[in-house]
Structures are given as structure tokens and as C-alpha cells.
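Below is one structure, written out as C-alpha cells; comments come after it.
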Amino acid sequence: MTTENVERFRRWFDYEMDAHQQTIDSLNGVADDLRKLPAFQEAVDLFAHLMCARKLWLYRFGVANEAVTELFPRGVALESLQSIADEVHQVWKNYLNQLDDEGLQRSFVYQAFDGGKFKNTIGDILTQLFGHSWYHRGQIAHLLRAIGAEPAATDFVYWCREAIPDAAASR
């Protein structure tokens with residue numbers, strides 16, 4: 001049982017959990033008067049969409065028993081995001097911890113919302129989910145900036161880079 005490839009996905013997921021937390025924190029940090037703006041609610045709903053997409057794939061993988069019926073929820077309460085994210089992240093963490101490289105290559109068939117049937121590997125979908133999260137976190141950041149709020153800096157490089165001390169300062 002090899003795990004070299006799945007370890008990359010686990011690392012990305014650790015980053016993603018942190019980036020999601022920073023996004024929730026930035027949403028919680030928005031001033032009350034700005035929370036009344038439609039763009040703020042759109043940002044909250046986009047984050048809820050990220051979690052719904054993650055839940056959907058768990059269901060399609062056969063890990064979750066509850067199907068997702070609304071992929072693009074509207075009017076989601078900001079206060080609910082933390083518990084939603086915590087629940088989704090825990091199930092994903094458990095799933096990824098039992099996955100190995102062979103499991104990444106496993107193909108499965110699923111039905112899309114439009115009724116079409118498709119086949120992908122688990123690795124394909126994990127890659128899609130990380131890209132999907134990056135995309136929507138960028139949209140959330142744009143929406144927050146547009147209303148004058150400060151979004152989280154969730155670029156992967158900020159999460160993984162290591163500072164090198166200034167040579168002059170270390171003398």
C-alpha cells in the first residue's frame with residue numbers, strides 16, 4: 001500500500017482547511033453595515049456552495065449517506081458556516097486518512113445533476129475540488145474587496161512558504 005501520491009492530496013487538504021478557516025474568519029470580520037449588502041450574502045452563499053460540493057462528492061464516493069439536493073444554497077446564515085465547514089472537513093479528513101495511492105486510481109460512475117452519467121477517478125475529482133475551492137475563494141475575496149472589506153490571503157504560497165532570515169540581521 002503506497003501513499004506517496006495521496007500524501008500530496010492530504011497536504012493540499014490541510015492547506016484547504018486552513019484557507020477555509022481564514023475565509024470564514026474574514027467573513028466574520030466584515031463590519032455589520034457591510035453585511036447588509038447583497039455582495040456580502042453572495043460571498044457567504046459561495047462559501048456554503050464550496051461545502052455543498054465537498055458533501056456531494058463524499059456522497060458520490062459512497063462515503064456519505066445523505067445526498068446533496070441544493071448545490072447553490074441561497075440566504076445561508078453566516079453563523080452556520082463554521083459548523084458546516086467543521087462537519088465537512090472532519091468527514092473529508094477521515095476519508096483521506098484511509099485512502100491510498102491505489103484508491104486514487106479507482107474509477108467510479110456517478111450521475112450529474114443534469115442526469116448525465118460520467119466516470120472519473122478519485123484523483124481526478126480531488127484535483128477538481130481543490131481547483132474549485134481556489135476559484136470560489138477568489139470570487140469571495142473579490143466580493144469582499146468590492147464592498148470595502150478585507151479578504152483573507154489564502155494563496156497556497158502564503159501557507160507553505162518558509163521565511164529566510166535576513167543575513168545582515170542574523171550577524
Name all residues meeting the ring-ring contact (aromatic ring centres under 6.0 Å, His included) criterion together with Phe40; count only those two or more places apart in sequence or in a different chain, and write none if there are none. none

Apply side-chain hydrogen bond (donor to acceptor under 3.5 Å, both in side chains) to Gln21 and list each qualifying residue two or more places apart in sequence or on a separate chain. Asp25, Gln82

Going by distance alone, is a donor N or O of one side chain under 3.5 Å from an acceptor N or O of the other, for Asp101 and Gln105? no

Please list all pairs passing the salt bridge (charged side-chain N to carboxylate O under 4.0 Å, His left out) test where one or both residues lie in residues 111-132, with sequence neighbours left out. none

In this structure, OH of Tyr15 is separated from OG of Ser133 (nearest 0.5 Å) by 8.5 Å

Contacts of Tyr158 meeting side chain to side chain contact (heavy atoms under 4.5 Å, CB included) (sequence neighbours excluded), chain-then-number -> Ala153, Asp155, Arg161

Counting neighbours of CG on Asn65 that are heavy atoms of other residues, nucleotides or ligands and sit closer than 6.0 Å, is the number greater than 12? no

Going from CZ on Arg60 to CZ on Phe118, what distance comes out if it is rounded to the nearest 0.5 angstrom? 9.0 Å

Output for pair (Ile122 CD1, Glu102 CD), nearest 0.5 Å, gives 12.0 Å

Flag yes if Tyr135 and Leu27 sit in one hydrophobic cluster, no otherwise; membership is Ile, Leu, Val, Met, Phe, Trp, Tyr, and two members link when side-chain heavy atoms are under 4.5 Å apart. no

Which residues satisfy the salt bridge (charged side-chain N to carboxylate O under 4.0 Å, His left out) test with Arg54, sequence neighbours excluded? Glu16

Which residues pass the side chain to side chain contact (heavy atoms under 4.5 Å, CB included) test with Ala163, sequence neighbours left out? none

Just how far is it from atom CH2 of Trp12 to atom CG of Leu129, taken to the nearest 0.5 Å? 11.5 Å

Give every residue pair that meets the side-chain hydrogen bond (donor to acceptor under 3.5 Å, both in side chains) criterion with at least one member in residues 35-48, sequence neighbours excluded. Gln41-Asp45

Specify whether Trp134 and Phe130 have parallel, tilted or perpendicular ring planes, treating 30° as the upper limit for parallel and 60° as the lower limit for perpendicular. tilted

Excluding sequence neighbours, so at least two apart, what forms side-chain hydrogen bond (donor to acceptor under 3.5 Å, both in side chains) with Tyr110? Asn120

Contacts of type side-chain hydrogen bond (donor to acceptor under 3.5 Å, both in side chains), residue Asn94, not counting sequence neighbours: Gln90

What heavy-atom pair brings Thr121 and Leu104 nearest, and what distance separates the two atoms? CB-O, 3.6 Å

Below 30° counts as parallel, above 60° as perpendicular, anything between as tilted: where do the rings of His132 and His136 land? perpendicular

Backbone N/O of His20 and side chain of Arg137: donor-acceptor pair under 3.5 Å: no

How would you list, by chain and number, every residue that makes a ring-ring contact (aromatic ring centres under 6.0 Å, His included) with Phe72, sequence neighbours excluded? His49

Scan residues 65-78 for pairs that pass salt bridge (charged side-chain N to carboxylate O under 4.0 Å, His left out), counting only residues two or more places apart or in two chains. none

Gln98 side-chain N/O to Tyr95 backbone N/O, donor-acceptor pair under 3.5 Å: yes

Please work out which of the three classes, parallel, tilted or perpendicular, describes the rings of Phe108 and Trp57, given edges at 30° and 60°. perpendicular

Apply side chain to side chain contact (heavy atoms under 4.5 Å, CB included) to Glu150 and list each qualifying residue two or more places apart in sequence or on a separate chain. none

